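Contents: one structure, followed by commentary.
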Amino acid sequence: MRPRAFIGCALLGAALVAAPPAAVRAQQYPAKPIRFIVPFPPGGGTDTNSRALTQRIAKNTGWTFVIDNKPGAGGNIGAEQAAKAPPDGYTLVMGQTSNLAINPFLYARPPFDALRDFAPVALVSSVPLVVLAGARRKDGPPLSSIEDLIARAKADPGGVTFASPGNGTVGHLAGELIAHAAGVKLVHVPYKGLGPALTDLIGGQVDLYLSTPQAAAGQIKAGTVRALAVTSHQRIATLPQVPALAESGLGAAEVASWYGVLAPAGTPEAILARLNAEVVKALQAPEVRESLAGEGGEVLGGTPAQFASFLKAEQAKWSKVVKDAGAKVD
């Protein structure tokens, strides 16, 4: 995350001769650097989490990781490269909600099958979103709470807008989930990224934006935006004063951006088990937990089988949300 008994050379040689090839490869693994694909640009949450995790594993084991940022197509480009890499344990990828659970239903021709083409290693963390309102609003006073938001949306159907960094993003679909759970209509306004959306939120051009806690922390502190709720089942340590959606009766709209390590399908089980053990051990390290908590994240971990079951459930959830929202990317 053990002392080894001494084995004589003759006994070791006999064991290797008798061992099946996959077991031998697992005993020798890793014999070279491991490529760790990050399917988003440097500096974002996926990149930060990947570096914190691999640095700790390297410290624990002496392994060498090479971080390879491959952004584009909502995370599809990097994930596709990982899916098509040799299944030998020397290519891993940090997957997340968007490219594994949403994109398969958002894109007309997804370049991989997330359930078929990957071998889950371990979940890493789960990060809720925070519902932000601007400190001013074009039409009337700013929104002050989730209850206020619902009341105004009911009084003026279609009169409350929410921004997102793009059609089909987690922020977009989370807004649709909140609207559905509250029984109101919110008008989606897609932007090309976080920056323009936040600028218009602060300027009062749109009413709401759903962001990760880390990305919004500076604006919340400066008072240019107001945090109405977090989309988790309970309050989070980085925003303890902000209520969870469940406190307003909208627990059905719980949303999180989660991260998990995967290998190409067909990777030997013994190697997957070794990787899982090292990921889970690294997640217990104080500096890794601190890094994840800094983003408002909850440490997960667990077994490959648990990750596989979780991914199936997430795909079932998001496929319905994508369909109901009518979101598509060609």
Side-chain angles (χ1 to χ4, degrees), residues 1-2 26 29-30 34 36-39 45-61 63 65 75 79 82-83 87 89 91-102 104 113-129 170 212 230-234 236-237 251 254-318:
M1 278 203 246
R2 321 187 146 100
Y29 176 85
I34 300 170
F36 198 100
I37 297 176
V38 178
T46 308
D47 182 71
T48 301
N49 288 340
S50 299
R51 293 178 188 275
L53 179 68
T54 54
Q55 285 169 10
R56 185 65 214 192
I57 296 175
K59 185 176 181 179
N60 288 345
T61 62
W63 298 356
F65 290 91
T91 299
L92 304 175
V93 65
M94 184 68 88
Q96 65 280 96
T97 313
S98 58
N99 58 9
L100 297 182
I102 294 176
D113 184 315
L115 297 178
R116 181 193 64 205
D117 296 338
F118 289 107
V121 173
L123 283 162
V124 173
S125 67
S126 175
V127 182
L129 302 180
V170 176
T212 61
V230 289
T231 63
S232 51
H233 59 282
Q234 60 187 15
I236 61 175
E254 180 181 330
V255 172
S257 287
W258 49 262
Y259 304 91
V261 179
L262 304 98
T267 300
E269 292 293 331
I271 289 178
L272 292 175
R274 180 75 192 280
L275 286 166
N276 173 266
E278 296 301 341
V279 170
V280 171
K281 181 178 179 180
L283 289 175
Q284 303 310 310
E287 72 270 22
V288 176
R289 299 180 76 87
E290 183 179 343
S291 177
L292 298 176
E295 294 192 344
E298 175 186 358
V299 174
L300 297 177
T303 67
Q306 288 171 331
F307 188 178
S309 296
F310 175 83
L311 180 54
K312 289 179 182 178
E314 283 288 286
Q315 283 205 350
K317 169 184 175 177
W318 288 110

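The structure displayed is predicted, hence computed values, not measured ones. All residue numbers refer to positions in the sequence shown, counting from 1.
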May I have the step-by-step check of side-chain contact (heavy atoms from CB on, under 4.5 Å) for Phe118 and Leu100, ending in yes or no? CA-CA 10 Å; Phe118 289 107; Leu100 297 182; 4.1 Å; yes
In chain order, what residues pass the side-chain contact (heavy atoms from CB on, under 4.5 Å) check against Ala263, with sequence neighbours excluded? Leu92, Val121, Thr267, Leu272
The criterion is side-chain contact (heavy atoms from CB on, under 4.5 Å); which residues satisfy it with Arg289, sequence neighbours excluded? Gln284, Val299
Who pairs with Lys317 by side-chain contact (heavy atoms from CB on, under 4.5 Å), at least two apart in sequence or on another chain? Leu177, Glu314
Any ring-ring contact (aromatic ring centres under 6.0 Å, His included) involving residues 260-296? Give me the pairs, sequence neighbours left out, ordered by first then second residue. none
Would you call His233 and Glu298 a side-chain contact if the rule is heavy atoms closer than 4.5 Å? yes
Side-chain heavy-atom pair Glu278, Arg274 within 4.5 angstrom cut-off: yes
If every non-hydrogen atom of Ala58 is compared with every non-hydrogen atom of Trp63, which pair is closest and at what distance? CB-O, 3.3 Å
Residues forming a ring-ring contact (aromatic ring centres under 6.0 Å, His included) with Phe310, sequence neighbours excluded: Trp258
About how many Å separate CD1 of Ile34 and CD1 of Ile271, when rounded to the nearest 0.5 Å? 9.0 Å
Donor-acceptor pair, distance only, cut-off 3.5 Å: does the side chain of Asn276 make one with the backbone of Gly302? yes
Check the pair Leu53 / Phe65 against side-chain contact (heavy atoms from CB on, under 4.5 Å), numbers first and verdict last. CA-CA 10 Å; Leu53 179 68; Phe65 290 91; over 6 Å; no
Gap separating the OG1 atom of Thr303 from the CG atom of Leu123, nearest 0.5 angstrom: 9.0 Å
At their closest point, which heavy atom of Ala282 faces which heavy atom of Ile57, and how far apart are they? CB-CG1, 3.6 Å
Residues in side-chain hydrogen bond (donor to acceptor under 3.5 Å, both in side chains) with Glu287, at least two apart? Arg56
Contacts of Asp117 meeting side-chain hydrogen bond (donor to acceptor under 3.5 Å, both in side chains) (sequence neighbours excluded), chain-then-number -> none
Search all heavy atoms of Ser125 against all heavy atoms of Leu292 and return the closest pair with its distance. OG-CD2, 3.9 Å
Results of ring-ring contact (aromatic ring centres under 6.0 Å, His included) for Tyr259 - residues two or more places apart only: none
Ignoring hydrogens, what is the shortest heavy-atom contact between Pro120 and Phe307? Give both atom names and the distance. CB-CD1, 3.5 Å
Kindly give the heavy-atom pair with the smallest separation between Pro87 and Ala265, and that separation in Å. CB-O, 3.3 Å
Which atom pair, heavy atoms only, marks the closest approach of Ser98 to Pro104? O-CD, 4.5 Å
Does the side chain of Val261 reach to within under 4.5 Å of the side chain of Met94, using non-hydrogen atoms? yes
Could you state the interatomic distance from CG (Leu311) to CG (Leu115), rounded to the nearest 0.5 Å? 5.0 Å
Return the set of residues passing side-chain contact (heavy atoms from CB on, under 4.5 Å) with Pro39 (not counting sequence neighbours), or none when no residue passes. Thr46, Val93, Gln96, Asn99
